[in-house]
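Single-structure report; data block below.
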Amino acid sequence: MCSKYQMHYDLLIYKHGTETKPDDGAYYERHHVVPKSLGGSNEPSNLVYMTGKAHFVAHHLLFKIHGVGPMASCLLYTSDAADDLLCVD
């Protein structure tokens with residue numbers, strides 16, 4: 001099944017995921033392209049670095065793709081970027 005969320009996820013990984021951590025002083029987090037809870041591994045080919053916000057968006061998309069289950073708890077605890085995106089002042 002190919003959903004619009006899967007297409008957005010694939011594009012996000014392509015545009016914002018890097019195999020090596022950029023040395024630009026920005027904050028980056030490691031992301032499993034195929035989540036471990038869905039059979040992914042810790043192999044370098046399944047890991048990318050992303051900014052905190054991109055990492056949060058990736059998990060939000062994974063939740064939309066896979067629904068309630070392991071992705072729900074991951075979405076809540078992904079990164080500090082979640083606070084910036086979810087807080088309403």
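Computed from a predicted structure; not experimentally measured.
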Exercise for the section: Please report the C-alpha distance between T51 and Y27 in whole Å, then the side-chain angles of each, then the deciding distance to 0.1 Å, and finally whether the side-chain contact (heavy atoms from CB on, under 4.5 Å) criterion is met. Expected result: CA-CA 6 Å; T51 65; Y27 174 73; over 6 Å; no
Handout entry: Non-hydrogen side-chain atoms of L38 and H66 separated by less than 4.5 Å
Key = yes
Practice task
Would you indicate whether D24, at its atom CG, is surrounded by more than 12 heavy atoms from other residues, nucleotides or ligands within a distance under 6.0 Å?
Solution key: yes
Handout entry: From OH (Y9) to NE2 (H59), nearest 0.5 Å
Key = 7.0 Å
Handout entry: T18 (side chain) donor-acceptor with K21 (main chain) under 3.5 angstrom
Key = no
Exercise for the section: Please round to the nearest 0.5 Å and tell me the distance separating atom CD1 of I65 and atom NZ of K4. Expected result: 12.0 Å
Handout entry: Audit row: R30, Y49, side-chain contact (heavy atoms from CB on, under 4.5 Å) steps and yes/no
Key = CA-CA 5 Å; R30 209 79 192 265; Y49 284 98; 3.3 Å; yes
Exercise for the section: Report yes or no: does Y28 contribute a side-chain atom to a donor-acceptor pair with the main-chain N or O of T20 at less than 3.5 Å? Expected result: no
Handout entry: Closest heavy-atom pair and its distance - P35, L62
Key = CG-CD1, 3.7 Å
Exercise for the section: From the options H55, E29, H31, select the one residue that forms a side-chain contact (heavy atoms from CB on, under 4.5 Å) with V48. Expected result: H31
Exercise for the section: Is it possible for you to say whether L47 and M50 belong to one hydrophobic cluster, with membership spreading through side-chain heavy-atom contacts below 4.5 Å? Expected result: no
Handout entry: Test item: V57 and L12 side chains (from C-beta on) under 4.5 Å apart, heavy atoms
Key = yes
Practice task
Taking all non-hydrogen atoms of both residues into account, name the closest pair between L61 and H8 and its distance.
Solution key: CD1-C, 3.9 Å
Handout entry: Donor-acceptor contact below 3.5 Å, side chain N46 vs main chain H32
Key = no
